[in-house]
**Student:** 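Sharing a structure, written as structure tokens. Questions coming.
Computed from a predicted model, the values in this text were never measured in an experiment. In what follows, every chain begins at residue 1, and chains take the letters A, B, ... in the order their sequences are listed.
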Amino acid sequence: MITQDIFAALRASAVSAMAELLPDLPPDAFARVQMEPPRDPAHGDMATNAAMVVAKAARQPPPKLAAALAERLSALPEVAEAAPAGPGFVNLRLREGFLRAQLPVVLTACEAYGDGSAGADRRVDVEYVSANPTGPMHVGHCRGAVVGDALANLLTKAGYAVTKEYYVNDAGAQVQALAQAAYWRYLQALGTTMTEAEYAATIPGGLQYGGDYLVPVGEALRERHGDALAVPGARPADPALWHDPVRDFTVDAMMASIRDDLAALGVRHDVFVSERALIAEGELEKAEARLSARGLIYRGVLEPPKGKTPEDWEPREQTLFRATQFGDEVDRPLRKSDGTGTYFANDIANHLHKLERGFAGLVHVWGADHGGYVKRMKAAVSALSDGKVPLDVVLTQIVRVVKNGEPVRMSKRAGTYVALRDLIDEVGRDAVRFTMLTRKADAQMEFDLDKVVEQSRDNPVFYVQYAHARCRSVLRAAGDPSAAELAAVPLDALADPGEMALIRRIAAWPRTVEAAAEAREPHRIAFFLHDLAGDFHILWNKGREDATLRFIQGDEPEATRARLALVAATAAVIRSGLAVMGVAPAEEMR
RNA sequence: GCGCCCUUAGCUCAGUCGGAUAGAGCAACGGAUUUCUAAUCCGUAGGUCGUUGGUUCGAAUCCAACAGGGCGCGCCA
């Protein structure tokens, strides 16, 4: 594990200096001490709030403490200058040699640069996508898939032991309706004379999932079973005869399709957990027993929702979970009137199953329409784990797909939203993934099919890829020296402000990873890469105006090698970030 | 009606779990041509951080109320 976070290192120095200045303070007095880049670069490379956050406990004014701290920090070999500033900050300017010395660290670690230990190898389960196995993936699933996958990668990079999980909702009424729809296609494949309306009339609730995608499933059922699942004349048989095999076959087919789509997106889950299998194994009863043993289950009648009572409201006794004891607004029902579990109850079983596997933390990526569900799930996990295992839920907002300024509409024929596969085929996996990460997950997003493939500065995908391609172009022109070779090169020639700015940005990568992981915000990686690419493009263009700043200087081999080390380090960090996002770096832009 | 999320420059969005004079990009305007790919870069201009109070050394950030937008609200998942 390579940790080379210079901010963490200097923070530790600041804390120990403060501890020496104030030996009577308990260690936790320094918990809120931060060392971070100041907003205004004129203030230096780093700033710490140490003097301010301990001032109260130390009973001394912040400026006085800041002055004393600055004096101590200025004695450090890494520090060129330390000065008290403002209401009690200490600003640090680092020695350029110290900053330059980060490059060999990068070049030694390469893509592993930025790998952190904040996770301490704790096992974390990240559940995402979990689309119902009732049809192909559409763009509505896409954002959650990308955000979840990038978040899982990010947590892995930050030192967690991550399991990528897909929870297959194969137990509910939706799947029953799916089986009925597939059965209709089977009857069609047998050449039934029924009309769709006639068949639909035989199903309570009518025929759902009318999309063409079930036609091949019907054909396959006919190939496998012949006419054995129908009565002569290709008319519907007793569901007891066909329901389970048709359902299982169809769910398998849908999951195969979903896995294909996910593979096209570069998403690969470690485990697929079947809701039906969990229930069959008695996980629901186990969860209920556990909650019951804690006195958290009772029979009762809920109040109607305040203000807006549904038309058909009537008081009803239900099996309820005391979610209110864990911060939820109302207690939540666990059993339907037919005795089977509610979706919530089944999901409790799912979470118990996670806890039984020993995870120290659970993460979910859900669509924003599940926002109202967060509190009760947190309540359940808190109850089942005695508050020991945190559940974090990341909500993703709707993506509106736009082409030529017009929203791309639902396709009626396919009975589904724009297929994910179509989107990938049109703009490419990398553009899809990168673009999905250019917004906070919880912000609405417009996905403009034209802009995403545009090769210009206002397309961040391109902007970052172009920076990497330029790095590679320079390195190729210089004979592609190895990273190990460049890690040993003298770097004193790097002194231009543009070069130093790039080094400073690179040095901020580890703390960016850690902060993004902590906040569960993978989009920060995209923004970092955009900034890093910007620093590089600036430097590149300086060389255009001033030939002495070009990376390759024919008559100065030492300066050239130093700059190649910088270029190689930049490329390595871009690759490191793109790897988190699941985007392939470009060698050239053609 | 209740709960959750959101509101930052004309537009699209950042803002590192309370820090210093709130930042990018696009759009607008003015510049850089014999290159390691000008698909980039430089400069100018642009904001009462939805509104009003509160908490403290200090608030876009935390709290309360209000306005506007989105989502959800007992056996749908």
**Student:** Looking across every strand, which nucleic acid part, if any, lies under 4.0 Å from A:Pro333 by heavy atom: base, sugar-phosphate, or nothing?
**Tutor:**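 Touches sugar-phosphate only.
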**Student:** Using the C1' atom on both, measure B:rG58 against B:rA65 and round to a whole Å.
**Tutor:**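 24 Å, rounded to whole Å.
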**Student:** To the side chain of A:Arg439, which of B:rA77, B:rC36, B:rU12 is closest?
**Tutor:**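 Selected nucleotide: B:rU12.
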**Student:** Are A:Asn132 and A:Gln174 close enough, and set up right, to give a side-chain hydrogen bond (donor to acceptor under 3.5 Å, both in side chains), and what steps lead you there?
**Tutor:** CA-CA 8 Å; A:Asn132 287 346; A:Gln174 308 267 354; 4.5 Å; no
**Student:** Using the benzene-type ring in the case of Trp, are the ring centres of A:Tyr463 and A:His537 under 6.0 Å apart?
**Tutor:**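 When the ring centroids of A:Tyr463 and A:His537 are compared, they turn out to be within the sub-6.0 Å range.
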**Student:** With respect to the side chain of A:Arg550, which nucleotide from B:rC36, B:rG70, B:rA77 is positioned closest?
**Tutor:**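 The answer is B:rC36, which lies nearest to the side chain.
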**Student:** So, under a plain 3.5 Å distance rule, would you say the side chain of A:Asn91 forms a donor-acceptor pair with the base of B:rA20?
**Tutor:**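 Answer yes: a donor N or O sits under 3.5 Å from an acceptor.
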**Student:** Would you mind telling me which of B:rC41, B:rG15, B:rA20 lies closest to the side-chain atoms of A:Asn541?
**Tutor:**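 Among B:rC41, B:rG15, B:rA20, the one nearest the side chain of A:Asn541 is B:rC41.
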**Student:** Is any side-chain N of the basic residue among A:Arg511 and A:Glu514 closer than 4.0 Å to the acidic one's carboxylate O?
**Tutor:**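 Here A:Arg511 does not pair with A:Glu514 in a salt bridge, since their nearest N and O are not under 4.0 Å apart.
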**Student:** Send over the distance from A:Lys440 NZ to B:rC17 P, rounded to a whole Å.
**Tutor:**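 About 12 Å, once rounded to whole Å.
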**Student:** Taking the nucleotide of RNA chain B with the closest heavy atom to each, which residue, A:Gln397 or A:Thr342, is nearer the 5' end?
**Tutor:**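 Its nearest nucleotide being more 5', the pick is A:Gln397.
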**Student:** Side chains of A:Trp366 and A:Thr396: donor-acceptor distance under 3.5 Å anywhere?
**Tutor:**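 No, no side-chain donor-acceptor contact under 3.5 Å.
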**Student:** Quick check for you: among B:rU40, B:rC76, B:rA20, whose closest atom lies nearest to any side-chain atom of A:Gln174?
**Tutor:**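 Taking heavy atoms from C-beta onward, the closest nucleotide is B:rC76.
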**Student:** RNA chain B in dot-bracket, Watson-Crick or G-U pairs under 3.5 Å, [ ] crossing, | other strand?
**Tutor:** (((((((..((((.....[...)))).(((((.......))))).....(((((..]....))))))))))))....
**Student:** So if I take every side-chain heavy atom of A:Met52 and compare against B:rG19, B:rC6, B:rC42, which nucleotide ends up nearest?
**Tutor:**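 From the listed options, B:rG19 comes nearest.
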**Student:** Cationic tip of A:Arg332 within the cone over A:Phe321's six-membered ring, i.e. under 6.0 Å and within 45° of the normal?
**Tutor:**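 No, A:Arg332 does not sit over the ring of A:Phe321.
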**Student:** Remember a base hit wins even if backbone is also touched, and classify A:Pro62 as base, sugar-phosphate or nothing at under 4.0 Å, heavy atoms.
**Tutor:**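 Here A:Pro62 touches no strand at all.
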**Student:** Does A:Arg524 contact B:rU16 through a side-chain donor or acceptor facing the base, at a distance under 3.5 Å?
**Tutor:**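 Under the 3.5 Å cut-off, the side chain and the base do not form any donor-acceptor pair.
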**Student:** Remember a base hit wins even if backbone is also touched, and classify A:Arg511 as base, sugar-phosphate or nothing at under 4.0 Å, heavy atoms.
**Tutor:**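 The residue A:Arg511 makes base contact.
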**Student:** Any side-chain N or O of A:Arg316 below 4.0 angstrom from OP1/OP2 of B:rG74?
**Tutor:**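 For A:Arg316, the contact criterion (side-chain N or O under 4.0 Å from OP1 or OP2 of B:rG74) is not met.
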**Student:** Taking any heavy-atom pair under 4.0 Å as a contact, classify A:Ile552: base, sugar-phosphate, or nothing.
**Tutor:**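 Base: the residue A:Ile552, judged by heavy atoms under 4.0 Å, touches a nucleobase.
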**Student:** Out of B:rG3, B:rA77, B:rC57, which has the shortest distance to the side chain of A:Glu275?
**Tutor:**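 Looking only at heavy atoms from C-beta outward on A:Glu275, the closest nucleotide is B:rA77.
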**Student:** Over how many whole Å does the gap from A:Phe89 atom CZ to B:rG18 atom P extend?
**Tutor:**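 Rounded to the whole Å, the gap is 13 Å.
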**Student:** Side chain of A:Ile538 only, please: which of B:rA20, B:rC42, B:rA77 is the nearest?
**Tutor:**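 Looking only at side-chain atoms, A:Ile538 lies closest to B:rC42.
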**Student:** Take the protein atom CD of A:Glu556 and the nucleotide atom P of B:rC36, then report the distance between them rounded to whole Å.
**Tutor:**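 That distance rounds to 16 Å.
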**Student:** Using the side-chain heavy atoms of A:Phe527, tell me which of these nucleotides is nearest: B:rC71, B:rU37, B:rC13.
**Tutor:**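 Side chain of A:Phe527 sits closest to B:rC13.
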**Student:** Could you measure between the two P atoms, the one in B:rU8 and the one in B:rC13, and give it in whole Å?
**Tutor:**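 Result for the P pair: 9 Å, nearest Å.
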**Student:** Describe the nucleic acid contact of A:Ala47 in one word from base, sugar-phosphate, nothing, applying a heavy-atom distance below 4.0 Å.
**Tutor:**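 Result for A:Ala47 = base.
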**Student:** Please state the P separation for the pair B:rU16 and B:rA20 - nearest whole angstrom.
**Tutor:**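 Pairwise P distance, B:rU16 against B:rA20, rounds to 10 Å.
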**Student:** What is the distance, rounded to the nearest whole Å, between atom NE2 of A:His537 and atom C1' of B:rC42?
**Tutor:**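 After rounding, the reported distance stands at 15 Å.
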**Student:** Within the structure, does a side-chain N or O atom of A:His523 lie under 4.0 Å from either OP1 or OP2 of B:rG15?
**Tutor:**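 For B:rG15, OP1/OP2 do have a side-chain N/O of A:His523 under 4.0 Å.
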**Student:** What is the nucleic acid contact for A:Ala519, judged by heavy atoms within less than 4.0 Å: base, sugar-phosphate only, or nothing?
**Tutor:**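 No contact.
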**Student:** B:rC57 C1' sits how many Å from A:Asn49 CG, rounded?
**Tutor:**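 Rounding to the nearest Å, CG of A:Asn49 and C1' of B:rC57 are 13 Å apart.
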**Student:** Looking at every strand, decide which applies to A:Ala85 at a 4.0 Å heavy-atom threshold: base, sugar-phosphate, or nothing.
**Tutor:**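 Since a base atom lies under 4.0 Å of A:Ala85, the category is base.
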**Student:** Suppose you measure atom P in B:rA24 against the same atom in B:rC62; what distance do you get, rounded to whole Å?
**Tutor:**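 To the nearest whole Å, 24 Å.
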**Student:** Does CD belonging to A:Glu303 count more than 12 external heavy atoms closer than 6.0 Å?
**Tutor:**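 Incorrect, the count does not exceed 12.
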**Student:** Considering only B:rC36, B:rC71, B:rU40, which nucleotide approaches the side chain of A:Val474 most closely?
**Tutor:**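 My answer, after comparing the listed nucleotides, is B:rC36.
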**Student:** For A:Arg335 and A:Thr340, which I'm curious about, is there any donor-acceptor pair between the side chains at under 3.5 Å?
**Tutor:**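 A:Arg335 vs A:Thr340: no donor-acceptor pair found between side chains.
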**Student:** In whole Å, what separates the C1' atom of B:rC57 from that of B:rG18?
**Tutor:**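 Between the two C1' atoms, the distance is 12 Å.
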**Student:** Within the pair A:Ser473 and B:rU37, is there a side-chain N or O less than 4.0 Å away from OP1 or OP2?
**Tutor:**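 Indeed, a polar side-chain atom of A:Ser473 lies that close.
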**Student:** When you compare B:rU61 with B:rG23, how far apart are their C1' atoms, in angstrom units rounded to a whole number?
**Tutor:**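 The same atom, C1', in both gives a distance of 15 Å.
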**Student:** May I ask you to test the A:Met46-A:Arg11 pair for a side-chain heavy-atom distance under 4.5 Å?
**Tutor:**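 When only atoms from C-beta onward are counted, A:Arg11 and A:Met46 do not touch, as no gap falls below 4.5 Å.
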**Student:** Per the salt bridge (Lys or Arg N to Asp or Glu O under 4.0 Å) rule, which among A:Asp531, A:Asp535, A:Asp45 passes with A:Arg504?
**Tutor:**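 Running salt bridge (Lys or Arg N to Asp or Glu O under 4.0 Å) over A:Asp531, A:Asp535, A:Asp45 with A:Arg504 returns exactly one hit, A:Asp45.
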**Student:** Table please: side-chain donor-acceptor pairs of residues 558-569 of chain A below 3.5 Å, with sequence neighbours left out.
**Tutor:**
unit_1, atom_1, unit_2, atom_2, d
A:Thr560, OG1, A:Gln553, N, 2.9
A:Thr560, OG1, A:Gln553, O, 2.8
A:Thr560, OG1, A:Glu556, O, 2.9
A:Arg563, NE, A:Glu499, OE2, 3.0
A:Arg563, NH1, A:Thr548, O, 2.8
A:Arg563, NH1, A:Arg550, O, 2.7
A:Arg563, NH2, A:Thr548, O, 3.3

**Student:** Given atom CZ of A:Phe551 and atom C1' of B:rU40, what is their separation to the nearest angstrom?
**Tutor:**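 Those two atoms, CZ and C1', are 12 Å apart.
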**Student:** Mapping A:Glu303 and A:Asp170 onto RNA chain B by nearest heavy atom, which one lands closer to the 5' end?
**Tutor:**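 Looking at RNA chain B, the more 5' nearest nucleotide goes with A:Glu303.
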**Student:** Determine the interatomic distance between P on B:rC26 and the same-named atom on B:rG43; round to the nearest Å.
**Tutor:**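 Per the computed distance, 13 Å lies between those P atoms.
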**Student:** Determine if A:His43 stacks with B:rA20; use a centre-to-centre distance below 5.5 Å and an interplanar angle below 30° as the criteria.
**Tutor:**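 It does: the two rings, one from A:His43 and one from B:rA20, meet the stacking criterion.
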**Student:** Students often get this wrong, so: under 4.0 angstrom with heavy atoms, is A:Pro37 touching a base, only sugar-phosphate, or nothing?
**Tutor:**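 If one applies the 4.0 Å heavy-atom cut-off, A:Pro37 turns out to touch a base.
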**Student:** Please give, in whole Å, the distance from B:rC26 C1' to A:Tyr463 OH?
**Tutor:**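 So the OH-C1' distance, A:Tyr463 to B:rC26, works out to 13 Å.
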**Student:** Between B:rU48 and B:rA9, how many Å separate the two P atoms, rounded to a whole number?
**Tutor:**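 The same atom, P, in both gives a distance of 10 Å.
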**Student:** Decide, yes or no, whether a salt bridge links A:Glu329 with A:Lys375 under the criterion of side-chain N to carboxylate O below 4.0 Å.
**Tutor:**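 Looking at A:Lys375 together with A:Glu329, the answer is yes, because their closest N to O distance falls below 4.0 Å.
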**Student:** How many Å lie between OH on A:Tyr373 and C1' on B:rC73, as a whole number?
**Tutor:**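 Result: 14 Å.
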